[in-house]
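Reviewing the structure listed below.
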Amino acid sequence: MAAHRCRYLACLLLLFLSVILVTMSQETTLGHEQHATAVDDPQTGAETKQTAEKPTVEEKRWEETKVKATTQASDTAVLSKTQVNEDFQEELVIRPLHSGDIYASFQFRTVWETDFMKGNKVSHYRLFPKSLGQVISKFSVRELHISFTQGYWRTMQWGQPFIPSPPGAELWVWFQDSVTDVDATWKELTNVLSGIFCASLNFIDSTNTLQPSASFKPLGIGNETDHRFLRYATLPREIVCTENLTPWKKLLPCGSKAGLAVLLKSEKLFHSSFHSQSVHIRPVCQDRQCKSSSWELRQALNVVFDLHTSGQSKREWSLFKMFSRTLTEACPLASSSKIYIDVTDNPQEEQFELSPATPLLSQAVVLGDRRTFSVYDLTQQVTFGTVRSLNLMIRWKSSEGDMLRPLLHAERYVTGYGLQTGEIHTLMYNNHPFRSFPVLLLDSVPWYLRLYIHTLKVISKGKDNNPSYIHYQPSKDRERPHLLEMLLQLPPHSVTEVTVQFERALLKWTEYTPDPNHGFYVGSSVISSLVPSTVAMETNITMEQPLFSSFFPCKEESSYFARVYTEPLLVNLPTPDFSMPYNVICLTCTVVAVGYGSLYNLLTRSFQVEEPNPGLAKRIANVIRRMRGVPPL
Amino acid sequence: MGLLSDPNRRQALINLLTRLNAPICFVCYFAGVAWFMGLAFEPFTLRTYMSENAMGSTMVEERFPAGERALATGREFAAHKKKVGGMPVDWLVKTMQARGLEVFTQSFSRTLPFPDENTERYVVKGTNVYGILRAPRAPRTEALVLSAPCTPGDNNNQAVGLLLGLAHYFRNQVYWAKDIIFLVNEHDLIGMQAWLEGYHHTNVTGMDWSPLQGRGGSIQAALSLELSSDVVTSLDIVLEGLNGQLPNLDLANLFYAFCQKIGVLCTIQGKLQRSDWDSASGYNHAVQTMMLMVMKQASGRPWGDHGLFLRYHIEAATVKGVNSFRHYKTDATTIGRLLEGMYRKLNNLLERLHQSYFFYLLPSLSHFVSIGYYMPAFGLLAVILLLRALDLWVQLSAQPSRTEDGVAGTEQSNPGVLSVLTPLVISHLTGAALYMLPVRFQEVAVEHFPVSETEAVVLTAIAVYTAGLALPHNTHRYPDAVTLHHMGWRVLKLVALLYLAVLLGCTAVINFSLGFILALTLVPAAAYVTPHVPKALSAFFLVALSPACTLLFSVFFFQELQEMPVSFQDGWLLYLSVIAQGMLDHYLYGSLVFPLVALLVYPCWLLFWNILFWK
C-alpha cells in the first residue's frame with residue numbers, strides 16, 4: 001500500500017515538473033501568422049538568419065505541443081543555433097481584465113551558454129549581469145527564484161497570474177549537490193542578495209527557512225530532487241518600493257534606457273493595485289538534444305492598474321496612461337521584443353477597441369486556457385507608424401463584468417477571539433464541475449504559534465478528506481518554524497477546509513518587534529496543483545484546429561500546473577504594556593520591601609521571653625558573687 | 001514592620017480597628033461616595049489628549065464633496081426598502097458593485113429564547129450585505145469597518161446613503177493601506193452578531209449564519225453610523241459596549257478632535273459640554289453625564305452596533321446624528337468629511353489602538369477620569385467589608401482561646417463548617433434556579449397562566465427570586481450548642497463578607513460601574529446585618545438593598561438622568577422589560593450581567609438574608 005502511494009506520488013511530482021516546463025515554454029511560443037510576417041519582412045545580415053530560423057523552430061514546437069502526449073523530457077528553452085551564445089528577449093503581455101482593470105506583465109529573458117561551475121572563472125560578461133553570475137558561481141547555486149510583491153493577487157477578479165508570487169518577499173534556492181554546508185551557504189547567500197536587491201532578505205534565518213519536501217521542485221534541467229539542497233523562505237512583511245525596483249532594472253542589458261524597460265517608471269508602477277517583480281535563474285537545455293546546458297535568467301514584472309483610482313472618467317487605457325511613456329524602439333540588444341495584447345474575449349471588438357490595430361495574431365495555451373493575442377513586434381519599424389512612437393490604446397465598450405470563478409482559488413484566515421488560542425482556516429475551492437484534482441498544500445507557521453497538530457482537520461463536502469501524503473515537521477522554539485505539507489484530492493465543485501488550532505506563545509520581552517501591537521505575520525500557504533485545463537472542458541469544439549487533434553477530449557493539455565498563494569495572516573500575540581516597566585519596577589520593589597521584608601523578619605527573628613530587668617543592687621551583688629566563684633542570684 | 005512582629009503594638013492596632021470599626025466604616029462609605037462624586041468636578045480630572053503618535057501630528061485633508069448625492073442614494077435606498085419590505089439585498093449588491101467594491105452577502109437566522117416585545121422579534125431571518133474596498137498594494141491583512149444598520153421604517157436611510165457615498169468616494173482614492181469594509185446589517189445587533197461571528201468563525205450564542213466569502217484580515221477599528229435626518233444639529237458618540245467594555249480612549253479623542261476641527265457640535269450621552277464647571281449647574285451637568293455613562297456601562301448591554309466588536313478586541317464606536325430644535329445645522333457633506341478624516345487617520349495607524357486608556361469614565365468629551373482616579377472610590381467601599389471581616393475574625397479567634405482545649409475545639413467546629421456549607425449550597429442552588437428556570441419553564445407558565453411568553457419569563461424570574469427569600473429559614477434545624485450558635489452566624493458572615501469582597505473586587509476590575517453600583521447597595525447591607533437587629537425593619541432594609549431593588553432604583557434613576565421621568569406604573573413596566581432585555585442580552589450576545597447576578601450576587605445576598613434570620 002505504502003509502496004503504491006509512493007509510486008503515485010513520484011508520478012505526480014514528475015508530472016508537476018514536466019507540466020511547469022511546458023507551460024513556461026508555451027508562453028514564448030509564437031503563432032503561424034507571426035512566422036509568416038517575419039519571413040515576409042526580411043532584414044539584413046545575421047539578424048535575418050536568426051529571425052528566419054527561429055520561427056521555424058517555434059512552429060515545429062507549436063505542432064509538437066499539440067500532438068505529443070507524454071514525451072516532454074526537458075526541452076524548455078529553444079535557442080537559435082547562432083554563433084552568439086548569449087541571447088536576450090523581452091516581451092510585454094497586456095490583459096484587459098473584466099473588472100476594467102488592466103494587467104501588464106513584463107518578461108525579460110537572458111540565456112547564456114556558459115558554465116559557472118567547472119572551476120573556470122567566468123570573467124567576461126556581456127548581457128548576463130555580473131552580480132548574479134558571481135552569486136551563482138560563488139554559492140554553487142543551481143536554481144534561484146526570488147520575488148518581491150506588494151499587494152495580493154485577486155484571483156477572483158483577475159484570474160490566474162502568469163507568474164504567481166506571495167505578498168512580501170519570497171526566495172527559494174536549489175544548491176548544487178557539491179555544497180557541503182547548505183545552511184551556512186544559504187545564510188551567506190541571503191545576505192548577499194539582500195545587498196543586491198536592497199531588501200531585508202538578511203532577516204531570513206533558521207526561524208523562517210523551510211525545506212519543503214514536495215512543493216518546490218527544480219524548474220530547470222537536472223533530476224536531483226533531494227530536498228536537503230533546497231531552501232525556501234518568505235518575508236510577508238517586506239515592503240517593496242522604488243529602492244527594490246532600481247537594482248532590478250539595473251540587471252537588464254538595456255537598463256531602463258531602451259526597449260520595453262523605458263516603461264518601468266516607479267511613480268506609475270507603484271500607483272497600482274498590485275506590483276510584483278521577480279528574478280528566476282535556472283539551467284536550461286541548450287538545444288533540442290539537450291546535450292549541454294545554459295543558464296537562463298528570467299526577470300518578470302507584473303503590475304495591475306486600477307481603473308477607479310486612476311482618476312479618469314472614461315474607461316480607457318493607453319501605454320501613456322499606464323506608464324506615462326510611449327515606446328519608440330526595441331532594446332537594440334534584444335533578439336526579440338514584442339507586445340502581446342490578450343484579445344481572447346474580444347474577437348469582434350465588442351468588449352474593447354484596440355488601436356493601432358495589428359494584423360498579427362498569435363495563439364497560445366496559457367494556464368490551461370487557449371488565448372489569442374494581438375502581437376506588436378517592436379523590432380520592426382512598421383509597428384511604430386508614422387509618428388515613430390507606439391501608444392497602444394484600449395477603449396472599453398461594455399460595462400464591468402462579474403466576478404470570475406477560477407477553477408482553483410484559496411483563502412486563509414484566523415478565527416476565534418482572545419489572545420490565548422486560535423484556529424487557522426485554509427479554504428481551497430475547486431470550481432470544476434466534474435473533475436477532482438490533487439493539490440499540494442504547504443503551510444509554514446512561525447514557532448510562536450504553537451500548532452496543535454492533533455486538531456488538524458481536512459473536510460470537504462462535510463466529510464473527512466484524508467490526505468494521501470503528510471509531511472509535518474514540528475517547530476522548535478526560536479529555531480525553526482512548523483512545516484506542514486499535505487497532498488489532498490479536491491472533489492469536484494467543492495470547498496475543502498483545512499483547520500488547525502494553535503496557541504499563542506508568550507515571547508521574551510526582547511523578542512517583540514518595535515511595533516508589537518501591529519501583530520505578527522504568518523506567511524502565505526502555497527498550494528501547488530495540477531488543475532484541469534479549461535480547454536479540455538470544452539466539449540463543443542468550434543475552434544479551428546487539426547482534426548486529428550480534436551477527437552479525444554483529453555489531451556496533453558488536459559491539466560496544467562498552477563500555484564496559488566493565500567493571503568498572509570496578521571496574528572496578535574499577548575503583548576505586555578511596554579510603558580509599564582517603570583511601574584512594574586516600583587511595584588515589585590515595594591512588594592519585595594514590604595511583604596518579603598516583614599515576612600523574612602518574622603521568620604528569622606528568634607523570639608524569647610524577656611527577663612524583667614534586675615535591680616542595681618542585685619547586679620552589683622552578682623558581680624561580687626561571680627568574683628567569689630559562687631553562682632549568681 | 002515592627003507593627004506586625006510586635007505583639008503589643010499589633011494588639012493595639014487591632015484594638016483600635018475593632019473599637020472604632022463602625023465609625024471607620026461610616027467614614028469609608030461616605031468618603032467613597034464623596035470621592036466618586038468628586039470625579040466629575042473638572043479641576044480634579046485630566047484633559048483628554050491624543051496618545052497615538054500615528055494619529056496625532058499627521059495632517060489629513062477632508063475633501064468629501066458628495067453629501068447631496070449620498071442623501072439621494074439614501075432616498076433611493078428608502079424607496080427600495082419600502083418596495084421589498086425589508087432589506088433591499090439585490091439593490092445594495094448592485095449599487096455596491098457599481099461603486100467598485102467586492103460585494104458579499106451573509107444570511108442568518110435566529111430564534112430568540114422568548115419573544116422580544118420591545119422590538120417585536122421572535123424568529124429572526126435576515127441578510128447582511130457588505131462590500132470590501134481592497135486597498136491597493138496591501139496584502140489583505142488589516143481592515144477597517146464602517147457599518148450602518150438597516151432598520152425598519154424610515155430610520156437610518158441617510159446613514160446607508162452616506163455609507164454608499166463614502167464608499168464611492170473612498171474607492172477613487174489611492175492612499176488606503178487597509179481594506180475598508182462597508183457593512184449594511186439587518187436587524188441591527190443580531191445581524192451584527194451574525195456578521196462578526198461569521199467573520200471570526202466562532203459561535204458563542206448558537207446562531208445560524210452562512211459562512212462569509214470575503215474577508216479583509218484583522219479588523220483594526222470600526223464605526224457604526226446612525227443617521228435619520230438630512231441635516232443634524234449635533235453628533236453623539238456612543239462608547240459603551242458589551243459587558244461594559246469600552247473602546248480605547250483615543251477613538252473618542254479622534255472623534256472629538258475632528259468635531260473641533262470641522263466645527264460640528266459633538267455630544268456624549270446626548271449632553272453638550274459646558275464651560276461653566278465652577279457653577280453648581282455646570283458641576284451638576286458633568287455629574288449627570290458621568291452618571292449616565294456609569295449606568296449604561298453597568299447594564300452590560302451593547303448601546304449601539306459597535307458594542308459587539310469589542311469582544312474581538314476591535315476598537316469601535318457608534319456615531320449618531322441628532323436633529324434637535326437648535327438653529328445651527330450640519331449637512332451630510334460635513335458629516336461625510338468628518339468620517340473621511342477619521343478613516344484617513346485610522347488608515348494611518350501602524351499598530352492597533354493601544355496607547356491610550358481602556359478603562360475610563362467621561363464627565364465630558366474633553367475630560368476623562370482614568371482607572372487610577374476612580375478605583376479608590378470603589379476601594380473605600382470594599383475596605384469596609386474587609387474591616388468588618390477583620391472584626392469578626394478577631395471575635396472568633398478570641399472565643400476559642402477561652403476554652404483553651406485544642407481537641408474539643410476542633411470537634412466543635414466541625415458542625416460549624418457544616419452550618420456554613422448548607423446555606424452556601426442552598427443559596428447557590430436558588431441562584432442556579434433563578435438562572436435556569438425562567439427560560440426553561442416558559443411553556444409551562446404560558447399554559448397555566450394567562451400571560452405571554454415574555455411576561456412568563458420575567459414573572460417566573462421574579463417568583464424564583466422571591467421564593468429564594470423564604471427558603472433559607474429551614475437550613476439549620478439540628479441542635480446547636482449555645483456557643484456554637486454564636487459562632488455559627490459569625491463564621492457564616494465572615495465567609496459571606498469575604499465572598500462579597502472578592503466578588504465585587506473582580507466585578508469592579510472588569511466593569512467598574514457595575515461593581516460600584518453593587519457595592520453602593522450591598523456593602524451597607526453586608527456591614528450592618530446581624531441576627532440581633534430588629535427583624536422587620538432590617539428585613540425591609542435588606543430587601544430594599546437587594547440586587548433586584550437596586551435594578552428597580554436604577555431604572556428610575558436612569559430615567560431621571562435622561563430627563564424623562566416616569567410614573568411608578570410606567571417605571572414598573574419598564575422594570576419588567578429591562579429584566580427581559582437583560583436576559584435576552586445574555587442569550588443573544590453573551591452579556592454576563594444576568595448570570596453574574598443570578599449565579600453569584602443573588603446567592604451572596606441570600607447569605608446575608610440568612611444571617612438576619614439566624615436562630
Side-chain angles (χ1 to χ4, degrees), chain A residues 99-100 149-152 154 156-157 166-168 236 239-240 270-275 304 306-311 399-400 402-403 411-419 423 425 427 495 499 515-519 521 524 567-572 575 577 579 594 597-599 601-602 605 607, chain B residues 1-5 7 51-52 54 97-104 133-143 168 170-176 179 196-204 211-220 310-314 349-355 358 372:
Chain A
S99 52
T149 308
Q150 186 73 1
Y152 180 72
R154 303 170 199 169
M156 290 292 276
Q157 284 152 311
I239 289 170
V240 186
F270 291 103
H271 194 297
S272 58
S273 297
F274 176 83
H275 170 93
V304 178
D306 188 12
L307 183 74
H308 286 267
T309 56
S310 59
S399 61
E400 287 174 45
D402 275 342
M403 276 199 197
E411 59 178 300
R412 191 154 74 137
Y413 52 90
V414 183
T415 68
Y417 57 90
L419 289 175
E423 198 169 37
H425 283 235
L427 301 184
V495 189
T499 58
D515 53 351
N517 284 291
H518 178 66
Y521 282 85
S524 310
E567 49 268 75
L569 303 175
L570 188 60
V571 183
N572 275 87
T575 313
D577 180 356
S579 63
V594 175
S598 62
L599 199 67
N601 189 353
L602 281 174
R605 175 176 291 190
F607 292 93
Chain B
M1 282 295 103
L3 206 60
L4 289 177
S5 49
S51 299
E52 175 61 60
Q97 263 168 359
R99 278 155 176 70
L101 306 181
E102 277 181 36
V103 190
F104 306 93
L133 190 171
R134 295 291 181 195
R137 298 186 311 290
R140 296 191 180 180
T141 47
E142 292 173 290
H168 183 59
F170 284 5
R171 180 66 181 83
N172 293 328
Q173 308 307 316
V174 283
Y175 41 67
W176 299 114
D179 290 358
L196 280 169
E197 286 193 351
Y199 196 93
H200 296 94
H201 214 287
T202 55
N203 205 335
V204 239
L212 299 190
Q213 296 291 318
R215 283 183 174 76
S218 93
I219 300 174
Q220 305 288 306
L310 298 169
R311 180 204 293 273
Y312 303 93
H313 195 11
I314 300 166
L349 280 182
L350 295 176
E351 303 178 65
R352 54 173 70 232
L353 287 171
H354 69 285
Q355 299 277 13
F358 283 98

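Every chain is numbered from 1, with letters handed out A, B, ... down the list of sequences.
Contact tally against chain B (heavy-atom pairs below 4.5 Å) for A/Pro516, A/Ser273, A/Gly519: the top residue is A/Ser273. Of all the listed residues (A/Ser524, A/Ser272, A/Gly168, A/Pro236), the one sharing the greatest number of non-hydrogen pairs under 4.5 Å with chain B is A/Ser272. Looking only at heavy-atom pairs under 4.5 Å with chain B, the residue among A/Thr415, A/Val414, A/Asn517 that has the most is A/Asn517.
For a residue to count as touching a neighbouring chain, one of its non-hydrogen atoms must lie under 4.5 Å from one of that chain's; by this rule B/Ser218 touches chain A with the side chain only. For B/Arg134, the parts lying near chain A are the backbone and the side chain together; criterion is any non-hydrogen pair under 4.5 Å. With a 4.5 angstrom heavy-atom cutoff, A/Tyr413 touches chain B only via side-chain atoms. For A/Asn572, the part sitting under 4.5 Å from any heavy atom of chain B is the side chain, from C-beta outward, and nothing else. No part of B/His313 comes within reach of chain A, as not one of its non-hydrogen atoms sits under 4.5 angstrom from that chain. Proximity to chain B (any heavy atom under 4.5 Å) is shown, for A/Arg412, by neither the backbone nor the side chain. Heavy atoms closer than 4.5 Å to chain A are found in both the backbone and the side chain of B/Gln213. Contact annotation for A/Pro166: neither backbone nor side-chain heavy atoms come within less than 4.5 Å of a heavy atom of chain B.
A donor-acceptor pair is defined here as one N or O able to donate and one able to accept, closer than 3.5 Å; no such pair exists between the side chain of A/Tyr152 and the backbone of A/Pro568. Remark: the backbone N or O of A/Gln150 is not paired with any side-chain donor or acceptor of A/His275 at under 3.5 angstrom.
Within the 4.5 Å cutoff, the side chain of B/Leu212 has no heavy atoms near those of the B/Phe104 side chain. Residues A/Glu423 and B/His201 are not in side-chain contact: their nearest non-hydrogen atoms beyond the backbone lie 4.5 Å or more apart.
The residues A/Asp306 and B/Arg171 are annotated as salt-bridged, a charged nitrogen and a carboxylate oxygen being separated by less than 4.0 angstrom.
By the 6.0 Å contact criterion, CD1 on A/Ile239 is open, its count of non-hydrogen atoms from other residues, nucleotides or ligands being 12 or less.
Between the CD atom of B/Gln220 and the CG atom of A/Leu570 there is a distance of 6.5 Å, given to the nearest 0.5 Å.
For an aromatic pair to be called close, the ring centres must be under 6.0 Å apart, and B/His200 with B/Tyr312 satisfies this.
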